[in-house]
Amino acid sequence: MWSDPLGFLSTELESLKQQGLYRKLRVLEGEQKPKSTFDHRQVVNLSSNNYLGLTTHPLLRERALEATRALGVGSGSVRSIAGTMDIHMELERRLAAFKQTEAVVVFQSGFAANAGTVAAVLSKDDVVISDELNHASIIDGCRLSRAAIKVFPHKDAAAARTIVSQLPAAQRKLLITDGVFSMDGDLGALPALCDIAEEFGCIMMVDDAHASGVFGRNGRGTIDHFGMYGRVDIQVGTLSKAIGALGGYVAGSRALIDFLYHRARPFLFSTSHPPAVAAACIAAVDVLEQEPQIIDRLWENTRFFKAGLQALGFNTGLSESPITPVIVGDGALAMKLSDRLFQEGVFAQGIAFPTVARNKARVRTIVTAGHARDELQFALDVFANVGKELGIL
Ligand SMILES: Cc1ncc(COP(=O)(O)O)c(C=O)c1O
């Protein structure tokens, strides 16, 4: 008798629906803007990672179009065969100069950069010491590497030190943290972790996906913000968030980058960016260098909105960045809050287990440089009304 071998998937989905955790994809009609239309409704958009508004910046758009006209729509190959174009090398040179490292390799996404790098650098005899809230792409890279994984409580450098100090001196160790944590918006314990890495000879790695274009001079990231130049061996950045296009990169020594050219599987086995993406990313570096006032606007909006949520009495955790969570605890309540905000004209995504711990469900807000004050004030007013209606305030 025939039975559907994938039948268990429908059972799982039904269970998500019953728990109020089933998510329908919201569809953006038009451009990614501070005020956008999703699912036929105009909303103040507090859900994008488009921190600086570069997804629609005229210079990036123009350079992407020029590159498409001059070079076509695709690269035609993986980087290690025939898919390395001049423009890919130019982007890597520009990013290396920007990050003040010897070299940079660009990957198809930040996810590929993290997972591909950790899996390439470590093998089964090694150990990785990782913050419990590190991004999924780091966790997947650790699993792929087959190294032993030791997790320390969030930002607890003393606990990380205890773990490291008990490992054999000769064992290769990677100490790894997010620069900015994507669900809480707080910063990794960088200075203390760098001290531990130096004391015990660990490789130090930072995932600066949400810090790229946001923290440090001209958006150079947390290494610049904390003055950690020369102390972080592997820096990952993304080109998909503040940079406005798509991709990820690793910045470090020439030897690290050459090694990744030979061993990182997403680099070796997946086609490189279309020229338009590389051109847009180069233009974004120009914008970061020439228009740092955009980053100032991002921070002014961040301070205004975060203070507004806190004044209303919401639990915003320990955020230090433009990512501000509104933590409500229960997963179904977080989804209900997100739905009601959306009906009233504010898009802030609900996030529940397994993305965050079961009792820490939330809606996540992200302001951008382009939000007008009256849009942010409108969002705060809606948060106040809906928060009271649902008994959160
Ligand atoms: C902390 C962190 N690292 C890496 C990534 C992956 O970046 P990308 O979207 O470029 O794949 C993300 C994106 O969700 C992230 O939040």
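In listed order, ligands and their atoms are each counted from 1. Below, all heavy atoms of this structure are taken into account, side chains as well, without hydrogens, waters or symmetry copies. Since this is a predicted model, take the numbers as computed values, not measurements.
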To which protein heavy atom is [atom] closest, and what is the distance rounded to 0.1 Å?
| atom | value |
| --- | --- |
| atom 11 (O) of ligand 1 | Phe111 N, 2.9 Å |
| atom 16 (O) of ligand 1 | His210 NE2, 2.8 Å |
| atom 13 (C) of ligand 1 | Lys241 NZ, 2.5 Å |
| atom 8 (P) of ligand 1 | Gly110 N, 3.4 Å |

With atoms numbered from 1 as shown, which atoms in ligand 1 lie under 4.0 angstrom from a non-hydrogen atom of [X]?
| X | answer |
| --- | --- |
| Ser182 | 16 (O) |
| Ser109 | 10 (O), 11 (O) |
| Gly247 | 10 (O) |
| Thr238 | 7 (O), 8 (P), 10 (O) |

Any side-chain heavy-atom pair of [X] and [Y] under 4.5 Å:
| X | Y | answer |
| --- | --- | --- |
| Val44 | Phe347 | no |
| Arg217 | His225 | no |
| Tyr51 | Ile366 | yes |

So, are [X] and [Y] salt-bridged, with charged N and O less than 4.0 Å apart?
| X | Y | answer |
| --- | --- | --- |
| Asp286 | Arg63 | yes |
| Asp39 | Lys24 | yes |
| Arg94 | Glu289 | yes |

**Message:** If you measure every N or O of Asp178 against every N or O of ligand 1, does any of those distances drop under 3.5 Å?
**Reply:** no
Below 3.5 angstrom, do we get any N/O pair linking Ser137 and ligand 1?
-> no
Kindly determine whether Thr177 and Asp131 satisfy side chain to side chain donor-acceptor pair (under 3.5 Å), including the steps that lead there.
CA-CA 6 Å; Thr177 182; Asp131 187 292; 4.6 Å; no
A student comparing Leu133, Val180, Asp207, Ile138 should find that the heavy atom closest to atom 3 (N) of ligand 1 comes from Asp207
Among His135, Gln108, Met183, the residue with a heavy atom nearest to atom 15 (C) of ligand 1 is His135
Quick look: Asn114 vs ligand 1, heavy-atom contacts under 4.0 Å, and the answer is side chain
- Message: Looking at Pro266, is its backbone amide N or carbonyl O close enough to the side chain of Gln108 to form a donor-acceptor pair, meaning the two atoms are under 3.5 Å apart?
- Response: yes
contact_flag Ala113 ligand 1 heavy-atom lt 4.0 Å:
no
- Can Ser130 and Lys150 be counted as having a side-chain donor-acceptor contact under 3.5 angstrom? no
